[in-house]
Chemist: 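Please find one structure pasted underneath; my questions will follow.
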2 protein chains.
Amino acid sequence: MVAAVFGRAIYTRLAVSLRHALLGVLKDRPLTGYDLVRYFQGTLGFLWSAPQSQIYPELRRMEAAGLVTATVKPRGQKAQKRVYAVTEAGMAELRRWATDFMPLPAQRDPVFLKAAFFDLAPLDAVREQLKAHIAQYQWRIEQWQARHDAIRGRRAELVEEWLTRQPVEEHENVIQMKVHALEGVIARAKTEIAWARRGLALCDQIETRRAGAASAESEVANSRA
Amino acid sequence: MVAAVFGRAIYTRLAVSLRHALLGVLKDRPLTGYDLVRYFQGTLGFLWSAPQSQIYPELRRMEAAGLVTATVKPRGQKAQKRVYAVTEAGMAELRRWATDFMPLPAQRDPVFLKAAFFDLAPLDAVREQLKAHIAQYQWRIEQWQARHDAIRGRRAELVEEWLTRQPVEEHENVIQMKVHALEGVIARAKTEIAWARRGLALCDQIETRRAGAASAESEVANSRA
DNA sequence: GTAGTCATGTAAGAGGTTACATGATTAG
DNA sequence: CTAATCATGTAACCTCTTACATGACTAC
């Protein structure tokens with residue numbers, strides 16, 4: 001918990017998850033900023049996405065805070081690269097974060113907010129959005145499932161590197177915890193898909209009802225004629 | 001889609017959900033900023049939370065953009081209040097937002113990120129966090145369910161006000177759409193609870209395994225003695 | 001030589017959080 | 001008269017997004 005005092009405003013940092021996501025990867029193996037950028041585009045990006053423009057400055061801040069150390073290594077003739085490794089203070093911070101209670105993030109999902117106002121959109125637009133919702137979560141499930149299987153099948157490179165430094169009798173426990181996290185996002189995604197499918201069914205139902213009302217109306221008009 | 005050009009950077013606004021959440025409430029009935037603050041603490045806050053310090057400035061910006069109009073009304077002898085109402089442009093913007101496709105927000109849930117590193121925390125700390133996770137989602141489910149029942153039972157004041165201005169044959173459709181959105185967040189919360197319960201079972205399993213390993217070790221030590 | 005990858009940054013803005021601030025009105 | 005409620009703001013900060021920028025290295 002870092003508190004900064006500037007004049008009268010006191011801001012208390014609670015979350016800072018990018019920092020811990022970075023520590024969580026670097027603890028397995030020292031990596032460059034570039035490596036981390038790629039890692040966040042794939043593997044870890046499925047749990048915590050972060051753009052390149054956020055990763056480089058954060059690494060510098062973490063270095064300044066003593067959570068990581070940077071080793072400058074040559075690359076070809078002139079170029080260099082900075083390889084970051086977690087310090088003891090960094091590991092302590094990661095453990096503290098994993099241990100400490102953290103309140104639920106505020107409810108703020110634009111999809112459900114919008115869904116509450118879907119009556120303002122044409123039915124076909126609602127259908128398209130629900131179908132896109134399903135497709136996007138299906139794609140994510142594929143990525144998560146692949147990662148899940150890689151960890152479970154002991155083919156996840158960085159995890160295995162971490163395990164070589166852990167007692168053998170703990171290996172299965174570590175893997176089960178990581179697998180459990182992935183099962184969480186997969187389960188959530190499946191729930192989202194089921195919800196969107198019920199939404200599509202609701203659209204059909206509404207369409208039928210409207211058609212019924214329209215034909216009943218025209219019948220009345222006909223009988224009047 | 002608002003594009004602002006400043007020097008070389010072009011920032012394209014895509015989300016701005018607070019604006020649409022405000023329009024979505026104001027379309028039912030003109031309200032003051034204070035009313036909206038209270039509404040976001042309760043009812044709508046369960047779908048989109050927003051603090052007071054965000055609501056007042058956003059209302060001013062919406063007014064400047066012509067999405068709402070403010071009517072200054074007296075309050076007692078000296079005090080005044082500003083009652084905001086949606087304009088035609090505001091309704092059009094709300095409909096556009098409800099209709100347009102919006103990409104899924106980036107994956108960024110601190111709970112699952114942390115869960116992937118739960119092997120770094122003591123088992124009891126993990127248990128406590130999972131139990132808190134369950135409790136928090138159970139509380140949210142209660143709120144959402146109450147809102148769900150109020151809308152379904154035609155006791156939701158603002159929704160009913162909106163319906164008086166809609167054709168009777170559309171009432172059931174509007175209600176079903178809103179109910180569907182709430183069923184989405186409820187279904188998701190139930191999935192979260194089920195996941196956290198599996199996590200608690202996993203903790204027990206790990207504890208048993210560790211106890212087994214420890215006793216096996218002491219047996220070896222005993223037989224050696 | 002040139003296209004793709006490796007590598008590291010900066011600038012400007014949007015949206016959200018926490019805290020500070022003030023005053024009128026109303027119910028007891 | 002006093003506490004709660006009604007009412008409206010501002011300041012400072014953090015995190016994330018989009019876009020701009022540069023240059024060395026490597027495989028062809």
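All figures in this text were calculated on a predicted structure; none of them were measured in a lab. Just so it is clear: chains get the letters A, B, ... in the order the sequence lines come, proteins before strands, and each one is counted from 1.
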Chemist: Which parts of residues 31-57 of chain B get close to DNA chain C, meaning a heavy atom less than 4.0 angstrom away?
Modeler: Trp48(B), Pro51(B), Ser53(B), Gln54(B)
Chemist: If you find the nucleotide of DNA chain D closest to Ala106(B) and the one closest to Val83(B), which residue's nucleotide is nearer the 5' end?
Modeler: Val83(B)
Chemist: Identify every side-chain donor-acceptor pair in residues 73-84 of chain A under 3.5 Å, counting partners at least two apart or on other chains, and give the distances.
Modeler:
residue, atom, partner, partner atom, Å
Arg82(A), NE, Tyr84(A), OH, 3.2
Arg82(A), NH2, Glu63(A), OE1, 2.6
Arg82(A), NH2, Glu63(A), OE2, 3.1

Chemist: Taking only the side-chain nitrogens and oxygens of Arg82(A), find out if one of them lies under 4.0 Å from OP1 or OP2 of dA7(C).
Modeler: no
Chemist: Nearest-Å distance, CZ (Arg75(A)) to C1' (dG9(C))?
Modeler: 13 Å
Chemist: Considering only nitrogen or oxygen atoms on both sides, find all protein atoms under 3.5 Å from nucleotides 26-28 of chain D and state each distance.
Modeler:
none

Chemist: Any pair with a residue in residues 107-135 of chain A that passes ring pair (Phe, Tyr, Trp, His ring centres under 6.0 Å), sequence neighbours left out, goes on the list, sorted by first then second residue, please.
Modeler: Phe112(A)-Trp195(A), His133(A)-Tyr137(A), His133(A)-Trp195(A)
Chemist: The side chain of Ala79(A) is closest to which nucleotide in this list: dG15(C), dC25(D), dC16(D)?
Modeler: dC25(D)
Chemist: Distance-only criterion, 3.5 Å: show the donor-acceptor pairs between side-chain atoms of residues 30-43 of chain A and protein atoms not counting sequence neighbours.
Modeler:
residue, atom, partner, partner atom, Å
Thr32(A), OG1, Tyr34(A), N, 3.4
Thr32(A), OG1, Asp35(A), N, 3.0
Thr32(A), OG1, Asp35(A), OD2, 3.0
Asp35(A), OD1, Arg38(A), NH2, 3.0
Asp35(A), OD2, Thr32(A), N, 3.0
Tyr39(A), OH, Arg147(A), NH2, 3.3

Chemist: Taking C-beta and beyond as the side chain, do Phe46(B) and Gln107(A) meet within less than 4.5 Å on heavy atoms?
Modeler: no
Chemist: In chain order, what residues pass the side-chain hydrogen bond (donor to acceptor under 3.5 Å, both in side chains) check against Ser49(A), with sequence neighbours excluded?
Modeler: Arg108(B)
Chemist: Can we say Arg29(B) and Glu157(B) salt-bridge, meaning some charged N sits less than 4.0 Å from an Asp/Glu carboxylate O?
Modeler: yes
Chemist: Output the rounded distance in Å from CD (Glu58(A)) to P (dT17(D)).
Modeler: 14 Å
Chemist: What I'd like to find out is whether the side chain of Leu23(A) reaches to under 4.5 Å of the side chain of Met62(A), using heavy atoms alone.
Modeler: yes
